[in-house]
There are 2 protein chains.
Amino acid sequence: MNIGNAAKLSGVTTKMIRHYESLELIRSRRLSNGYRDYEASDVARLRFIRHARSLAFPLEDVRKLLALWADHNRASADVRGIALAHVEALEAKAQAMQAMARSLRHLAAHCCGDSRPDCPILDELEKTL
Amino acid sequence: MNIGNAAKLSGVTTKMIRHYESLELIRSRRLSNGYRDYEASDVARLRFIRHARSLAFPLEDVRKLLALWADHNRASADVRGIALAHVEALEAKAQAMQAMARSLRHLAAHCCGDSRPDCPILDELEKTL
DNA sequence: CTTGACCTTCCCATAGTGGGAATCCCTACA
DNA sequence: TGTAGGGATTCCCACTATGGGAAGGTCAAG
């Protein structure tokens, strides 16, 4: 199967398949004409990567998860550890963003938002702190 | 005032000051020896940038906010518009991240997390969907 | 044999920040 | 006056992850 087909079946673009190959997340077998050649197991691997990425796992985590996935003697605790560490990172970021959103919403609520120049949002950004 | 001093007073690193200058967010006056020269108003501008960045405004928003800040005939509605658009972007991202965190926590809760290989997290990532 | 769709590699861009090298400048001290 | 240091300059490279696009090779159908 060529790369275009693998892309369609896996939902990973050809660009990204080549990129993942350069990072050695996916292997590369070539035909005599230089074209990449994939089989079902590669598509499954690409799908795994796509799913992991859709949960925002960084590629280095994906690399580890792929290794554990391939290792049938893995300890599920290792997978869980990676996942929970990632969850905490996600939640920390999400909370930070929501805190920023709250601050800004609060400031915006006190901004009359008309044609006059007075604006507590700018006042806040101007502060020396 | 040289760049190191402006950095200390503003809380923006010298690296970033030069970067902001290259993006024309901050002007550059030079002394005869080529050194950048700053005054209090520049430090205030850098602080403004830092505060806006601490609220995760993208630099293009910062550029607009700086322009409005400098324009004493601005309409506060313009500032508010930028801020609220940014708030919505923040909240959308935060919610997406929390949804991912929830999914993963749910999966992790069903993963025994011991030395056995069975793992619903990997099972999920493996799915064809 | 041409045409179009596919493949290849390579470079560039994004957003924002940082590291580090090579070089120059200024100041203080012996 | 010479030198050592700290700070300034520019320039290139790194990160994360993804995509655009060019120049060229290949395959299949008409």
Undergrad: Salt-bridged, B/Arg116 to B/Asp118, with N to O below 4.0 Å?
TA: no

Undergrad: Check whether B/His86 reaches the backbone of B/Leu55 with its side chain - one donor and one acceptor, N or O, closer than 3.5 Å.
TA: yes

Undergrad: Is B/Glu124 salt-bridged to B/Lys127, cutoff N-O under 4.0 Å?
TA: yes

Undergrad: Strictly below 4.0 Å: does A/Arg36 bring a side-chain N or O up to OP1 or OP2 of C/dT9?
TA: yes

Undergrad: Could you give the NE2-to-P distance, from B/His19 to D/dT9, as a whole number of Å?
TA: 16 Å

Undergrad: Would you kindly compare B/Leu59 and A/Tyr38 by the position of their nearest DNA chain C nucleotide and give the one closer to the 5′ end?
TA: A/Tyr38

Undergrad: B/Asn33 has an atom CG; how far is it from atom C1' of C/dT27, in whole Å?
TA: 13 Å

Undergrad: Rounded to whole angstrom units, what separation is found between the CD atom of A/Glu60 and the C1' atom of D/dA17?
TA: 12 Å

Undergrad: Choose from C/dC7, C/dT8, D/dA17 the nucleotide whose nearest atom is closest to any side-chain atom of A/Asn2.
TA: C/dC7

Undergrad: Measure the distance from CZ on B/Phe57 to P on C/dA15 and round it to the nearest whole Å.
TA: 17 Å

Undergrad: As a test of reading the structure: which of C/dG18, D/dA17, D/dG19 is closest to the side chain of A/Thr13, going by heavy atoms?
TA: D/dG19

Undergrad: A/Leu31 CG to C/dT8 C1': how many Å, rounded?
TA: 13 Å

Undergrad: Indicate whether OP1 or OP2 belonging to C/dA15 is found under 4.0 Å from a side-chain N or O atom of B/Arg53.
TA: no

Undergrad: Could B/Glu21 and B/Arg18 be called an ion pair, given the rule that one side-chain N must be under 4.0 Å from one carboxylate O?
TA: no

Undergrad: Please report the distance, rounded to the nearest Å, between CZ in B/Arg30 and C1' in C/dC24.
TA: 14 Å

Undergrad: Compare the minimum distances between each of D/dA8, C/dT17, D/dT26 and the side chain of A/Tyr35, then state the nucleotide with the smallest one.
TA: D/dT26

Undergrad: Under 3.5 Å, side chain of B/Arg74 to main-chain N/O of B/Ala67, donor-acceptor pair present?
TA: no

Undergrad: From the options C/dC26, D/dA17, D/dT26, select the nucleotide whose nearest atom is closest to the side chain of A/Pro58.
TA: D/dA17

Undergrad: Could you tell me the separation between the CZ atom of A/Arg29 and the C1' atom of C/dC7, rounded to a whole number of Å?
TA: 17 Å

Undergrad: Looking only at side-chain atoms of B/Arg18, point me to the closest of C/dC7, D/dT9, D/dA17.
TA: D/dT9

Undergrad: Considering only D/dT9, D/dG20, D/dT26, which nucleotide approaches the side chain of A/Lys15 most closely?
TA: D/dG20

Undergrad: Which of the following nucleotides, D/dT18, C/dG18, C/dC7, is nearest to the side chain of A/Ile3?
TA: C/dC7

Undergrad: Can you tell me if B/Tyr20 touches the phosphate of C/dG16, counting only side-chain N or O atoms and a distance under 4.0 Å to OP1 or OP2?
TA: no

Undergrad: Could you give the CD1-to-C1' distance, from A/Ile17 to D/dA17, as a whole number of Å?
TA: 15 Å

